[in-house]
Amino acid sequence: EPRICLLQIEPGHGAAAIEGHEFQYIFPWLGGVDRIRYEATVPFIDLDFEERSMPLRVKLRAWSPFIPGDEKNSSLPVAFFDFSIESTSERPVDVSILATMRNCVGYETKAKAYSARTLDGEGWRMFEMSCENMDPSLSSYGSMGVASLHPDSTAWVAWAHPHPYYEQLLRCRELPEVNDLAGRNGVDPATGKLLAKTECFSTIGRTVTLGKSGEKFAHSFAATWDFPNRYARVVGDKDGGPIGYLEGNQLLEQSDVVPHIEGHYYSNFFSSASDVASYAISHREYLKREAERFHQAFYDATLPGYLLDQVNSPLNTFRPRSWFTTQGA
C-alpha cells in the first residue's frame with residue numbers, strides 16, 4: 001500500500017505544511033521515521049534514516065561549499081542534498097523522493113502576489129518562487145527554489161492546503177506536473193492588483209522502481225536562494241535601543257548614517273535563485289571535490305580527534321552568524 005514518510009522523527013511543528021491538526025488521525029499514511037543516525041563535520045552532514053515499516057534504507061549527505069581562499073564559491077547561497085536509497089523488499093517497490101519548500105519571499109508583508117515557475121537545465125529541473133507587487137526595497141525581496149538533479153523530475157508548483165495535494169500524491173505513481181499559482185492569488189478589490197490570499201508551497205522530485213532487495217539509486221537536490229537587500233545591522237544598547245550600525249567591523253553612530261544596503265557578496269555574480277542553481281550545478285563536481293579536500297586535510301592533522309572536532313565545530317556557526325557584504329567585508 002502506498003504511504004508517505006517524512007524524513008524526520010517528529011511529524012509536527014508545521015511539517016509538510018500541516019499545522020493545527022492531529023494529522024495521525026486524518027492522515028494515517030503519513031508519518032516520520034523511527035531513528036536518525038547523525039554525524040556532522042563541517043561542511044558535511046551525514047544522516048541515516050530508519051523506519052521499521054518502510055522497505056528502504058535511506059541515507060543523506062547534505063553540504064554547502066566551504067573552500068578556504070575561494071570567496072566566491074564559499075559564499076554561494078546553495079545547499080546540496082545527496083540521497084542514496086536502497087530497497088530491502090523482495091518485491092518491486094516504487095519510490096518517490098521529493099523536496100518541498102515554502103515561498104518565504106515577502107514573508108513580513110501582505111502587499112504581494114506569489115509568483116512561481118519551473119525551469120529546465122542540462123540534466124536538472126527546478127522550481128523558482130518569488131513575489132510580485134511588493135516593495136522591492138524590503139529585505140525579504142528576492143527568490144528561492146529547489147533543483148532536482150535529474151531531467152525526468154516533475155514539479156507541483158504553488159500548492160497551499162494538504163487537501164487535495166497529499167491525497168492526489170498518494171494515488172499517483174509519480175508527482176503530477178501541476179502549476180496552481182492561480183489558486184494562490186486573488187484580486188484586491190481596492191486596487192485591482194493580484195494579492196496573495198494563502199500560503200504557497202512547491203514540490204519537486206523523481207520516481208524510480210527498485211526491483212529487488214539490494215537494488216539502489218542515488219538522487220540529489222540543490223536548494224538555492226537570492227535575497228539582495230542585506231541591510232547594515234542595527235546595534236542596540238543595554239536597554240534595547242538602537243545606537244548605530246555595523247558596516248563591516250566599524251560601528252557608525254546612528255546620527256551619521258541611515259539604514260542602507262550592504263548586500264551579499266554573491267550578488268556580484270548572481271541575480272536570482274535560478275542563476276545560482278545553474279552555476280552551482282554546473283560546477284558541482286569542483287565544489288564537492290574542493291570541499292572534500294579541505295575536510296580531508298583538516299582531519300589528516302596530527303592533533304587528537306576530539307580536539308579537531310572542537311576546532312571544526314565553530315565553523316558550523318561561522319556561516320549563519322556572519323555575513324559577507326557586496327564589497328567583500
Side-chain angles (χ1 to χ4, degrees), residues 14-21 77-78 98-121 125-148 153-169 175-205 222-234 258-264 266-278 326:
I18 300 172
E19 297 180 354
H21 292 284
V78 61
L98 304 172
T100 295
M101 177 181 279
R102 179 178 179 177
N103 189 348
C104 296
V105 178
Y107 68 88
E108 80 274 53
T109 179
K110 294 182 178 180
K112 65 187 177 187
Y114 291 120
S115 64
R117 60 174 183 160
T118 56
L119 300 92
D120 293 282
R125 298 192 73 215
M126 79 173 293
F127 64 77
E128 183 178 47
M129 302 180 294
S130 186
C131 283
E132 302 172 347
N133 301 337
M134 68 172 285
D135 183 351
S137 69
L138 292 177
S139 60
S140 64
Y141 177 79
S143 58
M144 56 197 303
V146 175
S148 180
S153 302
T154 53
W156 188 320
V157 175
W159 59 272
H161 195 274
H163 304 288
Y165 168 78
Y166 282 116
E167 285 86 345
Q168 187 167 344
L169 174 61
L175 181 72
E177 187 74 19
V178 178
N179 189 326
D180 195 24
L181 184 62
R184 306 288 73 79
N185 297 314
V187 177
D188 183 355
T191 64
K193 294 182 178 180
L194 286 179
L195 191 67
K197 64 178 184 179
T198 67
E199 297 175 344
C200 183
F201 298 80
S202 293
T203 301
I204 194 166
T224 62
W225 57 94
D226 173 65
F227 291 94
N229 298 338
R230 184 18 169 132
Y231 283 87
R233 192 177 66 148
V234 176
V258 296
H260 64 285
I261 294 175
E262 291 183 323
H264 292 285
Y266 63 71
S267 295
N268 291 309
F269 313 101
F270 311 106
S271 59
S272 67
S274 55
D275 283 351
V276 177
S278 180
T326 307

Contact check, side chains of [X] and [Y], non-hydrogen atoms, under 4.5 Å:
X	Y	answer
Thr326	Asn268	yes
Leu169	Leu98	yes
Leu175	Tyr165	yes
Thr118	Arg125	yes
Met101	Met129	yes
Met126	Ser153	no
Ser272	Glu128	yes
Ser137	Tyr231	yes

Please check this pair: side chain of [X] against backbone of [Y], looking for a donor-acceptor N/O pair closer than 3.5 Å.
X	Y	result
Thr224	Val78	no
Asn185	Leu194	no
Asn103	Tyr114	no
Ser143	Ser130	no
Asp226	Met144	no
Arg184	Ala158	yes

| said: Within this structure, what is the CG-CG distance for the pair Asn133 and Leu195, rounded to the nearest 0.5 Å? | reply: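 Reported value, rounded in 0.5 Å steps: 8.5 Å.
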| field | Between CZ on residue Phe127 and OG1 on residue Thr203, distance to nearest 0.5 Å | value |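 If we round to the nearest 0.5 Å, Phe127:CZ and Thr203:OG1 are 6.5 Å apart.
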| task | Over all heavy atoms of both residues, which pair between Cys131 and Ser115 is shortest? Give the atoms and the distance, please. | result |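 Looking at all heavy atoms of both residues, the closest pair is N-OG, 3.6 Å.
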| query | Nearest heavy-atom pair of Pro228 and Gly142: which atoms, and what distance? | reply |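 Heavy atoms only, the tightest pair is CD-CA, 4.2 Å.
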| said: Taking the basic N atoms (NZ, or NE/NH1/NH2) and the acidic carboxylate oxygens, is any pair closer than 4.0 Å for Asp188 and Lys193? | reply: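 Salt bridge absent between Asp188 and Lys193.
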| query | Salt bridge check: are Glu132 and Lys112 linked by an N-O gap of less than 4.0 Å? | reply |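 No salt bridge links Glu132 with Lys112.
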| query | Using 30° and 60° as the class limits, which term best fits the ring planes of Phe201 and Trp159: parallel, tilted or perpendicular? | reply |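 Parallel, since the angle between the ring planes stays under 30°.
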| said: Checking Thr154 against Glu177: is there a side-chain donor and acceptor pair closer than 3.5 Å? | reply: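 No, no side-chain donor-acceptor contact under 3.5 Å.
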| said: Would Val105 and Met134 count as a side chain to side chain contact (heavy atoms under 4.5 Å, CB included) here? Give the steps. | reply: CA-CA 10 Å; Val105 178; Met134 68 172 285; 4.0 Å; yes
| query | Hey, mind stepping through Ser267 and Arg230 against side chain to side chain contact (heavy atoms under 4.5 Å, CB included) and telling me if it holds? | reply | CA-CA 10 Å; Ser267 295; Arg230 184 18 169 132; over 6 Å; no
| task | Mark yes when over 12 heavy atoms from residues, nucleotides or ligands other than Tyr141 sit less than 6.0 Å from its OH; otherwise mark no. | result |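 At most 12 heavy atoms, drawn from other residues, nucleotides or ligands, come within 6.0 Å of this atom.
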